[in-house]
Amino acid sequence: MANRFADNLTTTFFRRSLWIALIFCGIISLTVPPVIYHYHIHQYELESAEILNRFISEDLCFRPEYLMENQRSRDAAVEHINVFMKFGQLVEFKLWTADATLVYAYNAKELIGKKFSDNSKLHEALASGETVVELESSDDDDSRYLRDHGKLVEVYAPIISEGKVIGAVEVYRAAPKFTLLKTHIALVLSITVILFILLYLLLSGQFRRATTELLGYDEKLEKAYSNLGHSYFDTIRSLIKALELRDMETEGHSERVVALSIFVGERLGITKPDLDRLVLGSYLHDIGKIGVPDSILHKPGPLTAGEYEKIRSHVEKGLEIIGPIEFLEPAAEVIRYHHEKWDGSGYNEGLRGTGIPVSARIFAVVDVFDALVSDRPYRSSMAFDAAKEVILGGRGNHFDPDIVDLFMAVTESEYEALKSEIATNGIHHTVNEAVANLLSRINGS
Ligand SMILES: [Fe+2]
Ligand SMILES: [Fe+2]
């Protein structure tokens with residue numbers, strides 16, 4: 001069982017990890033190439049500016065107007081420009097004077113001689129003496145010579161002589177094309193899958209062994225908790241036995257009230273934690289009577305006020321007994337409030353109505369009823385129906401009316417069946433289960 005669970009856990013872990021890695025690779029494959037491309041373009045822009053500035057300083061350090069005036073100089077310069085066009089893989093080359101007049105264009109010759117006062121990038125380069133670089137799409141350019149070249153790097157570089165800007169050169173250079181590199185993505189994904197298969201082959205056995213070992217510890221821990229629960233229950237049982245040995249006539253009362261409380265609690269639909277508290281509390285409700293003197297506890301006649309006070313003190317004594325034992329804390333609710341009354345005339349705190357916890361309201365009915373149908377030192381047992389009449393008489397004053405109504409539906413045969421069930425199987429398994437549930441909730445919280 002543990003092995004199969006470990007197998008499933010190992011498979012699930014590696015399968016999910018593989019998916020996460022593949023998704024991660026997919027994201028990386030889609031996001032990294034544009035970033036790299038952007039970096040390359042930036043480098044390309046810097047390189048374009050650099051080669052243009054080098055060309056200007058080496059081959060073009062004269063006034064651009066000179067090109068218009070001297071045919072021989074023009075031919076020599078054009079020769080240099082042609083070489084530069086090829087070397088620099090340029091798409092266009094323009095030469096501007098300081099007042100933004102075009103004196104040379106490799107392609108757009110029809111514009112030569114015209115002045116362009118609205119070319120902002122040209123004016124920026126002329127005014128600042130700094131190189132201006134921009135990436136633009138050839139489709140957006142007005143010039144027919146530049147179309148169908150994809151992305152273009154446009155560079156304006158000033159021509160500076162003796163510290164003065166005497167003109168500018170404008171070039172267009174085709175930028176490297178962006179491709180998603182499908183083969184690279186496929187390669188990355190393939191490497192990821194192969195690495196994962198290797199990782200699975202190398203680590204799955206170890207992972208599985210570790211999981212199996214952990215599950216083994218978990219089982220041992222669960223067993224230890226179960227043993228602890230049994231030990232706790234033995235402690236409770238010893239406390240109850242100690243009480244019943246002193247008070248023989250109430251023997252079996254603790255077990256019957258547990259069974260009856262469950263019977264009523266389940267029909268009332270209270271929550272499982274409330275039911276578990278009710279079970280443990282019912283079992284221990286009068287544990288404080290250990291501290292009440294025998295002379296009072298076994299007194300057949302009526303009690304004096306002082307004696308009655310001593311009897312009432314069993315609530316506080318019960319809380320004192322369970323106080324130091326943390327796992328018995330859930331029983332405190334019933335112990336503390338089981339003598340409260342619906343109309344507020346009960347003890348110890350005089351709570352009323354729904355201010356009394358539901359477990360204690362249920363228990364109050366069950367406790368009184370079982371006491372009535374049992375022999376006590378001061379009176380004989382009452383018949384089943386007569387006892388129910390007494391309970392009905394307490395409806396709305398001693399007891400919660402809804403719980404009384406529910407209790408009235410309990411038949412004598414059901415009550416007898418509960419008693420015979422206790423006689424056959426005892427109640428220890430039920431209390432044991434409630435203790436285990438309460439413990440697991442304490443540990444889980
Ligand atoms: Fe009591
Ligand atoms: Fe009782």
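Note that ligands are numbered from 1 as they come in the structure, with each ligand's atoms numbered from 1 the same way.
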S.K.: Please determine whether the number of non-hydrogen atoms from other residues, nucleotides or ligands lying under 6.0 Å from atom NZ of K310 exceeds 12.
M.R.: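 Open: at most 12 neighbouring heavy atoms sit under 6.0 Å from NZ of K310.
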S.K.: Do the side chains of E349 and E340 get nearer than 4.5 Å, heavy atoms only?
M.R.: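 Yes, close enough: below the 4.5 Å cut-off.
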S.K.: With the Fe ion (ligand 1) as the centre, enumerate protein N/O/S atoms below 2.8 Å in chain and residue order.
M.R.: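 Under 2.8 Å from the Fe ion (ligand 1) - ignoring waters, which are not counted - the protein N, O or S atoms are D286 OD1, H314 NE2, H338 NE2, H339 NE2.
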S.K.: Do the side-chain N and O atoms of S359 and R277 include a donor-acceptor pair separated by under 3.5 angstrom?
M.R.: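 Absent: no donor and acceptor within the cut-off.
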S.K.: Hey, are Y415 and D370 close enough side-chain-wise for a donor-acceptor pair under 3.5 Å?
M.R.: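 The criterion, which ignores hydrogens and geometry beyond distance, is satisfied for Y415 and D370.
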S.K.: Under 6.0 Å from the ring centre and within 45 degrees of the ring axis: does the NZ or CZ of R267 meet both conditions for the six-membered ring of F263?
M.R.: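 Yes - R267 lies over the ring of F263, closer than 6.0 Å to its centre and within 45° of its axis.
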S.K.: Using only heavy-atom distances, determine whether the side chains of D367 and H339 contain a donor-acceptor pair under 3.5 Å.
M.R.: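 Looking only at side-chain atoms, H339 and D367 do not form any donor-acceptor pair under 3.5 Å.
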